[in-house]
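The structure displayed is predicted, hence computed values, not measured ones.
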Amino acid sequence: MATTEDRPAATRARAELPAMPAAGALYRRALLGALPGAGGRRGDTVPAVELAVTGATVDRAHLAEYDRVCGFRLADRLPPTYPHVLGFPLALRLMTAADFPIPLTGVVHVANRITVHRPLTADEPLDFTTYAENLRPHDRGRQLDVVLVASVGGAEVWRGVSTYLGKERGAGGGERRDRGERPAPPPASAHWRVEPRVGTDYARVSGDHNPIHTSRLGARLLGFPRPIAHGMWSKARCLAALESRLPDAFTVDVAFKLPVPLPGTVAFSAAPAWEFALHDARTGRPHLIGTIR
């Protein structure tokens, strides 16, 4: 199985887009590409390209709706996860390219790391760049990182790294999930009821309309008995609970363990050492494990 090391920026061709792509059209392309006989063979390396859009602006009404869906306070200061949503269509354009090595349909978001270099406000236009790197084998297929960078005036102010897994039959080698004994979950700070509308509401504000989150049929076709919450909603909801304690600059890492079924009830816990988690309120099985540093 071919893999790629991190590709130096100098070896990537840069493509400037005039505006953010339309996420809906990209999802339709991905679904059509998943049909039998369509889409062709996937590449064995990450694309040697980075996509860029300059001057992306914040719609304050959209920001307010995002705050409501994820539990943040209404403010002009951007939540740490909001640039991910603002730049997501650009990353989606990269991931729906014909030569992208992992098909979008059925992809699993297994981890996300966000670095906030300084507070951002709604009146600052952001320049976005995205690229993929570090294609590598996994016990269940292949995974890679999609990097999304936001800059202001040529200086990086925010960086997100999303790790995606593409499941493949007959896969072997690479990273394996920890199958050791599961520790007892920490004491819960709060319990949250996650209703089915979370999937559709977050899809509307994020542009991530993967049917695994919004459709019972779509979820079943991909192996789930009912829709599941977006991983980035879960991360945002946890950070909203910690909002008053977050510093001006930090890095937050999360590993997405088990999906949050819709509907469901989750237990949120936070430790003084900047660790937090979501567990199933009934079984204690982990949904998300996170750290802030």
Within one Ile-Leu-Val-Met-Phe-Trp-Tyr cluster: Val49 and Leu104, side-chain cutoff 4.5 Å: yes
Leu126 with Ile114, same ILVMFWY side-chain cluster at under 4.5 Å: yes
Atom pair OG (Ser215) and CG (Leu221), whose distance is rounded to the nearest 0.5 Å: 7.5 Å
Atom pair CZ (Arg204) and OG1 (Thr214), whose distance is rounded to the nearest 0.5 Å: 12.0 Å
Any side-chain heavy-atom pair of Leu120 and Val157 under 4.5 Å: yes
Pair Asp127, Ser151: side-chain N/O donor-acceptor within cut-off below 3.5 Å: no
Side-chain donor/acceptor of Arg226 to backbone N/O of Pro263, under 3.5 Å: yes
Any donor-acceptor pair under 3.5 Å from Trp158 side chain to Pro80 backbone: yes
Hydrophobic cluster membership, Leu165 vs Val254, 4.5 Å side-chain cutoff: no
Test item: Ser162 and His84 side chains (from C-beta on) under 4.5 Å apart, heavy atoms: yes
Chi angles and distances behind the side-chain contact (heavy atoms from CB on, under 4.5 Å) call for Asn134, Gln143: CA-CA 8 Å; Asn134 199 15; Gln143 63 181 12; over 6 Å; no
Working for salt bridge (charged side-chain N to carboxylate O under 4.0 Å, His left out), residues Asp248 and Arg77: CA-CA 11 Å; Asp248 286 344; Arg77 181 164 169 168; 3.1 Å; yes
Check against side-chain contact (heavy atoms from CB on, under 4.5 Å), Thr291 and Thr251: CA-CA 8 Å; Thr291 59; Thr251 294; over 6 Å; no
Centroid-centroid distance, His213 to Phe224, less than 6.0 Å: no
Cys238 to Leu288 - nearest heavy-atom pair and separation: SG-CD2, 4.2 Å
Greater than 12 external heavy atoms within 6.0 Å of Arg14's CZ: yes
Connected via hydrophobic side-chain network under 4.5 Å: Met232 and Ile289: no
Salt bridge (charged side-chain N to carboxylate O under 4.0 Å, His left out) evaluation trace for Asp145 with Arg136: CA-CA 9 Å; Asp145 299 325; Arg136 55 205 186 270; 3.3 Å; yes
Student check: side-chain heavy atoms of Pro227 and Arg216 closer than 4.5 Å: yes
Transitive ILVMFWY side-chain link Leu86 to Leu94, under 4.5 Å: yes
Expected output: side-chain Lys235 to main-chain Asn112 donor-acceptor under 3.5 Å: yes
Spatial distance of atom NE2 (His230) from atom CG (Asp208) [nearest 0.5 Å]: 4.0 Å
Donor-acceptor under 3.5 Å (Thr200 side chain, Arg197 main chain): yes
Atom of Pro47, atom of Pro101 and distance for their closest heavy-atom approach: CD-CD, 4.1 Å
CZ/Arg118: more than 12 non-hydrogen atoms of other groups inside 6.0 Å: yes
Within residues 103-130 or reaching into it, pairs that qualify as ring pair (Phe, Tyr, Trp, His ring centres under 6.0 Å) - sequence neighbours excluded: His109-Tyr164, His109-Phe256
ring-ring contact (aromatic ring centres under 6.0 Å, His included) partners for Phe72, two or more places apart: none
Side chains of Leu78 and Thr121 in contact at under 4.5 Å (non-hydrogen atoms): no
Arg193 and Thr265 side chains, donor-acceptor separation under 3.5 Å: yes
Between Ser206 and Tyr66, a side-chain donor and acceptor under 3.5 Å: no
Ring pair (Phe, Tyr, Trp, His ring centres under 6.0 Å) partners of residues 264-293, not counting sequence neighbours, each pair once: Trp192-Phe268
Shortest non-hydrogen separation from Thr130 to Val147 and the atoms involved: OG1-O, 2.8 Å
Arg142 side chain near Lys167 side chain, heavy-atom distance below 4.5 Å: no
Intermediate values then yes/no, side-chain contact (heavy atoms from CB on, under 4.5 Å), Phe88 and Arg93: CA-CA 9 Å; Phe88 179 72; Arg93 171 71 174 270; over 6 Å; no
For the student: nearest non-hydrogen atoms of Arg73 and Ser244, plus distance: NH1-CB, 4.0 Å
Separation between CD of Glu50 and CZ of Arg12, rounded to the nearest 0.5 Å: 5.0 Å
Distance, nearest 0.5 Å, that separates OH of Tyr131 from CG of Leu90: 12.5 Å
From CA spacing to verdict: salt bridge (charged side-chain N to carboxylate O under 4.0 Å, His left out), Arg245, Glu243: CA-CA 5 Å; Arg245 298 168 50 194; Glu243 186 174 13; over 6 Å; no
Residue pair Arg293 / Asp253, side-chain heavy-atom distance below 4.5 Å: yes
Evaluation steps, side-chain contact (heavy atoms from CB on, under 4.5 Å), between Val205 and Val85: CA-CA 8 Å; Val205 299; Val85 165; 5.7 Å; no
Ala281 backbone acceptor or donor facing His191 side chain under 3.5 Å: no
Contact summary for Ala75 and Leu63, nearest pair of heavy atoms: O-CD2, 3.6 Å
Check: Val266 and Asp280 side chains under 4.5 Å, non-hydrogen atoms: no
Heavy-atom pair with the smallest gap, counting every atom of Ser234 and Leu278: CB-CD1, 4.0 Å
Sidechain-backbone polar pair: Trp233 side chain, Val69 backbone, donor-acceptor under 3.5 Å: yes
Euclidean distance, Arg159 CZ relative to Arg113 CZ, rounded to 0.5 Å: 8.5 Å
Pairwise side-chain contact, Arg60 with Asp123, heavy-atom cut-off 4.5 Å (strictly under): yes
